Amino acid sequence: MDMHRLEALNDYSWRIPRQGAMRVPAVIFASGALIEAMDDKVCEQASRVAALPGIVEAVYVMPDAHWGYGFPIGGVAAFDAEAGGVVSAGGVGFDISCGVRMLHTGLVADDILGVQPALADALFRDIPAGVGSHGVLRLGAKAMEAMLRGGARWAVEQGFGTPEDLPFIEEHGCLDGADPAAVSVQAKRRQRDEMGTLGSGNHYLEVQRVVQIFDNDLAQAFGVHLGDIKLSIHCGSRGLGHQIGTEFLRRMAVAAADFGIHLADRELACAPIAADLGQEYLGAMRAAGNCALANRQIITSLARETFARVLPKARLSLLFDVSHNTCKRETHSVDGRPRQLYVHRKGATRAFGPGHPSLPPVYRAAGQPVMIGGTMGTASYLLAGTVMGMARAFGSACHGAGRAMSRRQAARLWSGERLRDELAARGVLIRSPSWRGVAEEAPAAYKDVDAVAEAAERAGLAQRVARLQPMVCIKG
DNA sequence: ATGTCC
């Protein structure tokens, strides 16, 4: 990173002052080491997002950020519809409502050690993973519409999981305002056979062990103890979300001139929230969100069946499920007054602080659980949203370790099979349909997740609760 | 991320 453009606000916050076409400044949250290593393109992309119509307060960039399509991954940008604010397909990302769900298992590490290979093999057999993988059900037109409206609530009605799961999912598992009619026939067709599948890339299902507790009270509130086994699922809306992203990106790019929006970069394609196209995208995006929530709910149900066979005493219950590729309508305090905003979080997790009415009552005093998905060889983190974070970045935190090099470069440097063997020797069992995919996901192709989680805490975005180490990883 | 290029 060229540090000349940045003003240090403190050790963990760096401002790009408003200049040129920027309507607001941008603020990057990172340690000195993380920001020095960060790509200059993050800075350029954040500055261009800051020039979009109706943007409020500032563009915020998380410590795990890297450059993405239009908006940086790890970017947060909020818009006011009444001030000409826009919604951007590239500001949400292609994998709409990609997110992480963490479950308790009721097990401790000793329960797993004897059956670890059998558990890995069984999960790999039972959870469809990889590009183009198909699931256990095929949705007809009516079922598709019900799924896109109902999300995880629909999945529960179909027998995947129980109603007790729903309070621990963002929006109780069902996003309001989903519009299946705004989802193209093509997008629905792509999704017909893909419910209950992990997908590829950085998606995974992991059995993880809690190896460190940072805050006893918060850990207690979340039901997390040293030595616990947790299950984490990271995936999104598969072919449907991707198709919606592709189609609306094109439509928004074509329509921008009609809206009088100058695009410094075609990838910033957007539409006014108040315009029909903006509303149509939001309806389709929320439908894709429900698809992702239903997908994670079905995968949870598959995992429960697997655990019931391999480890019958396991009891899988939800800790929390939250997306990190979204645009949500939320109320935030701006200059001391509440405003309704459309908050884009692309590779950034919602991290609401204590007392927020949307949180399940058992977590309301602690704040929202925030999951940072690490790499298959390092750690993942559980954090809690803070009051300070609500004021710093519209209640947002980072979502992962963040890539440090391209997939192509990683695939050149590592062999998937060798990584599998090295990790197995360290007690981490990888199963995947694609060893090239595993090489692309090499732990060393990512930033240091410990540094990212620490930076998130020091920047005041969220508070660390627990560190988890993978034991079994099903990689897409 | 993605039927990894309609």
Side-chain angles (χ1 to χ4, degrees), chain A residues 45 64-75 88-101 128-135 138-139 144 183-205 233-251 253-254 267 269 281 284-285 287-289 291-293 295-296 299 323-327 344-349 373 375-376 398-403 405-412 416 432-441 445-446 474-476:
Chain A
Q45 291 191 319
D64 56 337
H66 53 108
W67 71 274
Y69 190 94
F71 285 51
I73 295 163
S88 166
V92 170
F94 280 91
D95 191 7
I96 296 167
S97 259
C98 181
V100 177
R101 157 181 298 213
V131 176
S133 51
H134 287 185
R138 162 175 281 217
L139 300 191
M144 179 65 69
V183 178
S184 70
V185 172
Q186 172 85 323
K188 289 168 180 160
R189 190 184 59 73
R190 280 183 68 171
Q191 195 59 30
R192 198 173 52 187
D193 300 307
E194 289 196 339
M195 295 309 295
T197 65
L198 269 181
S200 63
N202 63 1
H203 291 165
Y204 60 75
L205 178 144
I233 298 166
H234 176 210
C235 62
S237 53
R238 308 286 288 108
L240 181 130
H242 186 267
Q243 187 66 29
I244 291 170
T246 305
E247 290 169 6
F248 276 92
L249 220 104
R250 195 183 299 130
R251 290 174 63 188
V254 168
E267 296 183 1
Y281 174 71
M285 180 206 71
C291 174
L293 295 178
N295 195 29
R296 294 198 283 273
I299 291 171
S323 302
H324 50 232
N325 279 2
T326 56
C327 177
H344 294 65
R345 294 190 183 88
K346 179 186 187 181
T349 308
T375 75
M376 56 200 173
C398 44
H399 83 307
R403 287 203 81 86
M405 71 171 73
S406 72
R407 293 188 170 278
R408 182 190 290 268
Q409 199 177 347
R412 263 204 307 266
S432 176
S434 165
W435 295 114
R436 184 196 157 91
V438 169
E440 291 177 351
E441 288 293 312
Y446 280 84
I474 311 302
K475 226 15 182 161

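Keep in mind that the numbers below use all heavy atoms, side chains included, and drop hydrogens, waters and symmetry copies. Note that this is a predicted model, so its numbers are computed, not measured. Lettering follows sequence order; numbering is per chain, from 1.
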Under 4.0 Å between any heavy atoms, over every strand shown, what does [X] touch: base, sugar-phosphate, or nothing? Just pick one.
{"X": "A:Gln186", "result": "base"}
{"X": "A:Arg436", "result": "nothing"}
{"X": "A:Gly93", "result": "nothing"}
{"X": "A:Gly199", "result": "sugar-phosphate"}

| query | Taking for each residue the nucleotide of DNA chain B bearing the nearest heavy atom, is the 5' side occupied by A:Val131 or by A:His203? | reply | A:His203
Can you measure [X] atom [atom1] to [N] atom [atom2] for me and round it to whole angstrom units?
{"X": "A:Gln243", "N": "B:dT2", "atom1": "CD", "atom2": "P", "result": "13 Å"}
{"X": "A:Arg250", "N": "B:dC6", "atom1": "CZ", "atom2": "C1'", "result": "9 Å"}
{"X": "A:Leu198", "N": "B:dT2", "atom1": "CG", "atom2": "P", "result": "10 Å"}
{"X": "A:Glu194", "N": "B:dT4", "atom1": "CD", "atom2": "P", "result": "11 Å"}
{"X": "A:Phe94", "N": "B:dC5", "atom1": "CZ", "atom2": "P", "result": "12 Å"}

| Taking all atoms of both residues into account, what is the closest heavy-atom pair of A:Ile244 and A:Ala284, and its distance? | CD1-O, 3.6 Å
| message | Check for me whether the distance between the ring centres of A:His234 and A:His399 falls short of 6.0 Å. | response | no
| message | Tell me whether A:Glu194 is salt-bridged to A:Arg189, with the criterion being a basic N under 4.0 Å from an acidic carboxylate O. | response | no
| request: Decide, yes or no, whether a salt bridge links A:Arg408 with A:Glu440 under the criterion of side-chain N to carboxylate O below 4.0 Å. | output: no
| Looking at A:Ser200, does any N or O in its side chain come under 4.0 Å of the phosphate oxygens OP1/OP2 on B:dT2? | yes
| said: Side-chain N or O of A:Arg407 versus OP1/OP2 of B:dT4: is the shortest distance under 4.0 Å? | reply: no
